[in-house]
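Numbers restart at 1 for each chain; the letters A, B, ... are given by sequence-line order, proteins then strands.
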Number of protein chains: 2
Amino acid sequence: MKRSMPTTANRPARLDIEQMRLITKVARLHYIHGERQAEIAEKMGVSQASVSRFLTLAQEYEIVRTIVVPPEGLYPDLEEGLEEAYGLDSAYVVDISAHEEGVAQILGVAAARCLSSEFKGGPVLGVTSWSTTLREMAKAMEPRSGTGIKKVVEMLGDLGSPLLQHEAALATLQIAKALDAEAVFLRTPGVMPNPELLKVALGDVHIQTALRLLGEVDIAFVGVGPADFHGPLEEGDNFFSAEQLAAVRAAGAVGQLHQRFINAQGLPVDTELDKLVVSITLEQLRHVRRKIAVAGGAAKYTALAAALAGKWIDVLVTDVNTANFLMKHASRGT
Amino acid sequence: MKRSMPTTANRPARLDIEQMRLITKVARLHYIHGERQAEIAEKMGVSQASVSRFLTLAQEYEIVRTIVVPPEGLYPDLEEGLEEAYGLDSAYVVDISAHEEGVAQILGVAAARCLSSEFKGGPVLGVTSWSTTLREMAKAMEPRSGTGIKKVVEMLGDLGSPLLQHEAALATLQIAKALDAEAVFLRTPGVMPNPELLKVALGDVHIQTALRLLGEVDIAFVGVGPADFHGPLEEGDNFFSAEQLAAVRAAGAVGQLHQRFINAQGLPVDTELDKLVVSITLEQLRHVRRKIAVAGGAAKYTALAAALAGKWIDVLVTDVNTANFLMKHASRGT
DNA sequence: ACATAAAATGAATTATTATGCAAGTTTGAA
DNA sequence: TTCAAACTTGCATAATAATTCATTTTATGT
């Protein structure tokens, strides 16, 4: 637990399965059973130095992950205020003290923790794995069973670079694995260049299966964002053009849920663009019992306010600053 | 990261909010940014000791969590569970994606790899080479020296077709060679039609040598199977008749070790059939220091459970499905 | 305000973990 | 096969973290 800490994701080549077994075993003995390296070394017939090295490897391979979760209840006033103001089931506000590089990371981790209690309620969980926050959450999720969740389905097609798509798939899988559920992918571009291509995509059996499942989602991780480029997205990445985005904004859109646009009151903004998107529809989303949003950061202020106004969110995990903004907004608006 | 590890869910009373923030900050600095306790101490104007204490608190309050995520295809939790539930020295669970057919092959290969560390402890190794699993293991074994094993002795006479007998002999030889030891064969039918023939067989000098050695076996590859025809065996192949098998089952037998029958509790089922078998006796087996079983597949579920209940196994190599069955069985039974 | 118990703190000490280095192994090329 | 480069491994030791204990601070009852 020392200098190697920055754990910058080295990408060490794949390793022998036996090696993996060994590393995992050592990691469990140390981190779960709390045995000292010396004990483990003796038990396994190697030197303490080797055990130390195994543990380092375990970090590099992300077999062990250390996460820091801001405790909940740090901002009871804000949390209660949000719940009250927007009729939420619950709100979690996390401390994001210094302008940390990644709001997403912290929120993701916080979400993983907060939501253990929220993960009950139905057999189908919807996710949007391309969101950074969600991917961080996936990494930080602890394997847990007995949640009653049977399927984890992606609610939005691919956006962004192919690399991102791969990571998204991985995240979906991780979540599914952690919940001991089946992963259902939506491996198709999330935004099509024209309606015809969307029709083609809908011909695929897997796509159909996934889309059908979107009508039965019980719990959803709602993806909230501005009606604009944001995060890792750029023009051309399976995404809208600058003109298209300008057009929907002109039509009143201030944000979107899975690329379905909404105005400041949270009402759907119907445009042609809607026919280009492969994702859960607002209609379908309305029927989801528990809609969870994990989002924060200045870029999302307005979109979040709109989503909340439209009652698209039941559970919110966000950071202090965003929470403050939302509270001000609520008092002004009401 | 030391003695407090067992993380016995202390339930320390709620703590000051400011305190919580402090702890979280320290935890982040340490675990995410990788700063040493001394650095943090200086930065925050407290002693290193205090930082250490903060981190301990962070553990207790579960503000930091360390999770161990086993790589795909590894089941350390099942392994530990089995060891715990059945008092095993060690358990190896291998991933056997779908294809139930090749259980033997996969297990055999896995066993050859896993058991390199288990091959120590005494000069006499007992095997039952007619088992498919064991033959696969033999094929996959890599030469290794310095195991201390001097003799490899067959613990059960021939079963099955002559072709099978040949393969069995070959397997025994391969294992002996790989361990740089002497092979001791038991080339006689494993199940005699009547007690007299068994007496005749015992007249043979080689047989006598082998049988004498069975009293000195230090490590044994226990052969576990159902009290029935199984694998490549059919009526007439140096084997019991359907009636005989029905009879022992009626007497309570649910499985057998080298054709010595046991009931669901793992206790010997004494019958006349015992006098027809040329193999290590349960009495002798009881004195074997290290009893290794490599077995899996639905056909052996019950027999394995019985063998484990009777403490006939010290080391188990099996597949995920069987492991899961055994865990369920254990929790139900206890 | 005073005394006393409890909690917090840091210096020094002890325990644990990480790592430089040399010796032993494996791998690969000739 | 033979040699050398690339890896591994364990030992000794440096680096880091936990704990003890004496001291100070805080809380609480009188």
Side-chain angles (χ1 to χ4, degrees), chain A residues 1-8 10-23 25-61 63-64 66 68, chain B residues 1-8 10-61 63-66 68 113 116-117 120 142-147 178 180:
Chain A
M1 191 58 52
K2 236 174 345 181
R3 21 201 66 214
S4 59
M5 276 266 51
T7 314
T8 37
N10 293 2
R11 200 147 299 280
R14 228 172 229 321
L15 215 49
D16 186 338
I17 181 93
E18 279 311 308
Q19 197 80 350
M20 285 287 193
R21 187 189 288 277
L22 208 58
I23 293 176
K25 182 161 184 183
V26 169
R28 283 177 63 93
L29 284 174
H30 186 71
Y31 289 108
I32 298 183
H33 297 289
E35 297 188 15
R36 316 234 162 66
Q37 297 187 351
E39 291 182 76
I40 301 174
E42 191 179 8
K43 194 172 297 186
M44 316 245 305
V46 294
S47 70
Q48 173 267 318
S50 295
V51 173
S52 172
R53 289 177 184 127
F54 282 138
L55 289 173
T56 303
L57 281 179
Q59 299 265 150
E60 285 177 5
Y61 283 99
I63 289 173
V64 310
T66 304
V68 177
Chain B
M1 190 62 51
K2 235 175 347 183
R3 15 203 74 211
S4 59
M5 271 267 52
T7 314
T8 38
N10 293 1
R11 200 147 299 280
R14 217 168 236 327
L15 215 46
D16 184 347
I17 299 262
E18 279 313 309
Q19 196 79 349
M20 282 288 197
R21 271 196 201 128
L22 197 59
I23 293 176
T24 310
K25 181 167 183 186
V26 169
R28 272 231 278 280
L29 286 173
H30 185 71
Y31 288 108
I32 296 183
H33 296 290
E35 296 187 19
R36 325 220 146 67
Q37 298 188 349
E39 291 182 76
I40 301 174
E42 192 178 5
K43 193 171 300 186
M44 318 237 310
V46 295
S47 71
Q48 174 267 319
S50 296
V51 174
S52 173
R53 290 180 185 123
F54 283 137
L55 290 174
T56 304
L57 282 179
Q59 298 269 147
E60 285 177 5
Y61 282 100
I63 288 172
V64 310
R65 296 180 205 190
T66 305
V68 177
R113 278 200 315 226
S116 22
S117 49
K120 315 206 161 163
E142 290 187 18
R144 42 182 299 109
S145 51
T147 57
D180 193 24

Peer 1: Please state how far atom CG in B:Leu57 lies from atom P in D:dA17, giving the value in whole angstrom units.
Peer 2: 17 Å

Peer 1: Let me check the geometry of the helix from C:dA1-D:dT30 to C:dA30-D:dT1. What is the bend angle between the axes at its two ends, five pairs each, to 10°?
Peer 2: 30°

Peer 1: As an exercise, state the distance from NE2 of B:His30 to CZ of B:Phe54, rounded to the nearest 0.5 Å.
Peer 2: 14.0 Å

Peer 1: Please write out each protein N/O paired with an N/O of nucleotides 24-26 of chain C under 3.5 Å, distance rounded to 0.1 Å.
Peer 2:
none

Peer 1: Under the rule for side chain to side chain donor-acceptor pair (under 3.5 Å), what residues qualify as partners of A:Arg53, not counting sequence neighbours?
Peer 2: none

Peer 1: Taking side chain to side chain donor-acceptor pair (under 3.5 Å) as the definition, give me every residue that meets it alongside A:Ser52, ordered by chain and number, with sequence neighbours left out.
Peer 2: none

Peer 1: Separation of A:Phe54 atom CZ from C:dT17 atom P, in whole Å?
Peer 2: 16 Å

Peer 1: Measure CZ/A:Arg36 against C1'/D:dT16 and give the value in whole Å, please.
Peer 2: 15 Å

Peer 1: With side-chain contact (heavy atoms from CB on, under 4.5 Å) as the criterion, how do B:Leu55 and B:Gln59 come out once you've worked through the C-alpha distance, each side chain's angles and the decisive distance to 0.1 Å?
Peer 2: CA-CA 6 Å; B:Leu55 290 174; B:Gln59 298 269 147; 5.9 Å; no

Peer 1: Calculate the interatomic distance between B:Leu55 atom CG and C:dT16 atom C1'; express it in whole Å.
Peer 2: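 Nearest whole value for this atom pair: 15 Å.
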
Peer 1: Rounded to whole Å, how long is the line connecting atom CE of B:Met44 with atom C1' of C:dA8?
Peer 2: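 To the nearest whole Å, that distance equals 15 Å.
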
Peer 1: Rounded to the nearest 0.5 Å, what separation is found between the CE atom of A:Met20 and the CD1 atom of A:Ile63?
Peer 2: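 Interatomic distance, A:Met20 CE to A:Ile63 CD1, rounded to 0.5 Å: 5.0 Å.
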
Peer 1: Looking at residues at least two apart in the chain, or sitting in another chain, which of them share a salt bridge (Lys or Arg N to Asp or Glu O under 4.0 Å) with A:Glu42?
Peer 2: none

Peer 1: Can you give me the N/O atom pairs linking the protein to nucleotides 10-13 of chain D at distances under 3.5 Å, or say none if there are none?
Peer 2:
from: D:dG10; atom 1: OP2; to: A:Ser47; atom 2: N; distance (Å): 3.4
from: D:dG10; atom 1: OP2; to: A:Ser47; atom 2: OG; distance (Å): 3.2
from: D:dG10; atom 1: OP2; to: A:Ser50; atom 2: OG; distance (Å): 2.6
from: D:dG10; atom 1: N7; to: A:Arg53; atom 2: NH1; distance (Å): 3.1
from: D:dG10; atom 1: O6; to: A:Arg53; atom 2: NH2; distance (Å): 2.8

Peer 1: For the pair made of CD in B:Gln37 and C1' in C:dT14, what is the distance, rounded to whole Å?
Peer 2: 15 Å

Peer 1: Can you spot which of B:Val51, B:Leu22, B:Val26 makes a side chain to side chain contact (heavy atoms under 4.5 Å, CB included) with B:Val46?
Peer 2: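 With B:Val46 as partner, B:Val51, B:Leu22, B:Val26 yield a single side chain to side chain contact (heavy atoms under 4.5 Å, CB included), made by B:Val51.
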
Peer 1: Once side chain to side chain contact (heavy atoms under 4.5 Å, CB included) is applied, do any residues pair with B:Leu29, and if so which ones, sequence neighbours excluded?
Peer 2: B:Lys25, B:His33, B:Glu35, B:Ile40, B:Met44

